[in-house]
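First listed ligand is number 1; within each ligand, the first listed atom is number 1.
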Amino acid sequence: MKRVLITGAAGFLGSHLCDRFIAEGYHVIGMDNFITGDPKNLAHLKEHSYFEFIEHDVTEFVSVEGDLDYILHFASPASPIDYLKIPIQTLKVGSLGTHNLLGLAKAKKARILIASTSEVYGDPLVHPQSEDYYGNVNAIGPRGVYDEAKRFQESITMAYHRVHGLDTRIVRIFNTYGPRMRLNDGRVIPAFIGQALRGEDLTVFGDGSQTRSFCYIDDQVEGIYRLLLSDYALPVNIGNPNEITIMDFAQEIIKLTGTQQKIVYKDLPVDDPMQRQPDISLAKKILGWEPKVERAEGMQKTYDYFKSLSIDELYRANHRDFSKFNIR
Ligand code: NAD
Ligand code: UDP
């Protein structure tokens with residue numbers, strides 16, 4: 001039985017990856033410190049004989065007993081609100097955490113896949129973004145803590161690949177959504193749906209002309225799975241090229257949820273990218289992958305998930321309280 005370590009396992013993407021690898025017959029070791037994740041996302045796997053869990057902060061030395069065939073490093077705050085609140089932790093998990101996991105991969109002779117992001121392109125001056133674009137990132141702006149950590153992460157991963165011959169993969173993930181996103185993580189989909197469910201106005205940042213391209217979780221997991229099993233070591237974009245302005249997206253949510261509330265405008269966050277759309281030619285070519293789930297279908301499933309949450313979860317303080325975590 002192949003053994004895979006998944007960091008960030010209690011998060012949105014990580015928990016879906018655990019499900020996929022278990023379904024494929026792997027022994028899965030999940031690792032997380034719950035800083036932005038939720039044990040509930042893994043509750044259904046607790047008794048599963050193919051699953052074990054280690055509570056651990058990956059910025060500290062990472063030790064796992066036994067062999068490992070694959071490591072998927074997904075631990076990192078991923079929502080702008082989260083990484084603005086815990087900027088040092090975000091920098092550390094992308095840098096020190098990645099270094100620890102590369103070291104573990106080297107010791108175990110495991111293949112490692114690193115979760116990078118469309119944020120490595122910053123506020124892009126090239127559209128759509130293909131892997132050969134170097135990006136337009138403000139290193140010292142508030143988002144720089146995430147963007148630069150991820151750029152460092154790619155850089156050190158390639159260095160381990162070149163110097164130590166480590167078997168590495170890098171996925172550049174574009175905005176992905178679906179069940180198990182945290183309702184209060186501030187990202188636009190849980191934010192708008194949460195507002196609709198609570199009967200609040202929808203907050204559009206800026207004039208809403210900025211664009212995003214949303215990928216449903218099942219498509220994202222399929223792309224990551226194929227990339228891991230491929231022999232391609234350079235970064236690959238995985239996302240859905242179907243682009244929409246945030247204003248049009250807010251209108252779609254109003255229609256989907258039937259809310260009577262209106263749209264209100266808030267300041268555009270500093271360095272918020274004005275456009276984002278993945279060029280997925282490379283993924284199509286080398287993985288034979290492209291997204292299959294239309295936004296209407298994916299959003300309906302996501303809405304159904306958020307509707308099923310308890311009233312308590314729906315009204316829990318809008319943002320996560322990080323003070324209980326030992327953040328240094
Ligand atoms: P998430 O916040 O739901 O999950 C991240 C998980 O990592 C959480 O469970 C958190 O507790 C854990 N974590 C954070 N720091 C840790 C540490 N030091 N030690 C151990 N665990 C730690 O976010 P997500 O959307 O599932 O994102 C997962 C990964 O995918 C991240 O690396 C993120 O940068 C990347 N990504 C996600 C998206 C997206 O649209 N969801 C886009 C681009 C990149
Ligand atoms: N956004 C918004 N209202 C919200 C939350 C987000 O208009 O309540 C905008 C945000 O400014 C950005 C887009 O929606 O332009 C996507 O934001 P998100 O935080 O989901 O992710 P990003 O792609 O910026 O990392």
Aromatic ring centroids of Phe214 and Phe249 under 6.0 Å?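 Ring-ring flag for Phe214/Phe249: true, centres closer than 6.0 Å.
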Indicate yes or no: does [X] engage [Y] in a salt bridge with an N to O separation below 4.0 Å.
X	Y	answer
Asp82	Arg182	yes
Arg111	Asp231	no
Glu252	Arg295	yes
Arg3	Asp69	no

Tell me which residues fall inside the under-4.0 Å heavy-atom shell around ligand 2.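 Within 4.0 Å of ligand 2, the protein residues are Pro80, Glu119, Arg143, Asn175, Gly186, Arg187, Val188, Ala191, Phe192, Thr203, Val204, Phe205, Gln210, Arg212, Ile246, Pro269, Asp272, Arg276.
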Could you check Met299, Gln220, Arg187, Lys301 and say which one makes a side chain to side chain contact (heavy atoms under 4.5 Å, CB included) with Tyr177?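 Testing each of Met299, Gln220, Arg187, Lys301 against Tyr177, the sole residue satisfying side chain to side chain contact (heavy atoms under 4.5 Å, CB included) is Met299.
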Minimal non-hydrogen separation, Ile71 against Leu101, with atom names: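 Reported closest heavy-atom pair: CD1-O, 4.0 Å.
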Write down the atom of Lys150, the atom of Ala115, and the distance for their closest heavy-atom approach.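 So the two residues come closest at NZ-O, 2.7 Å.
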Mutual orientation of the aromatic rings belonging to Tyr121 and Phe174 [parallel < 30°, tilted 30-60°, perpendicular > 60°]: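 If you compare the ring of Tyr121 with that of Phe174, the planes turn out tilted.
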Sub-4.0 Å heavy-atom environment of ligand 1, residues by chain: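 Lining ligand 1: Gly8, Ala10, Gly11, Phe12, Leu13, Asp32, Asn33, Phe34, Ile35, Thr36, Gly37, His56, Asp57, Val58, Thr59, Phe74, Ala75, Ser76, Ala78, Gln89, Val93, Ala115, Ser116, Thr117, Tyr146, Lys150, Ile173, Asn175, Thr176, Arg187.
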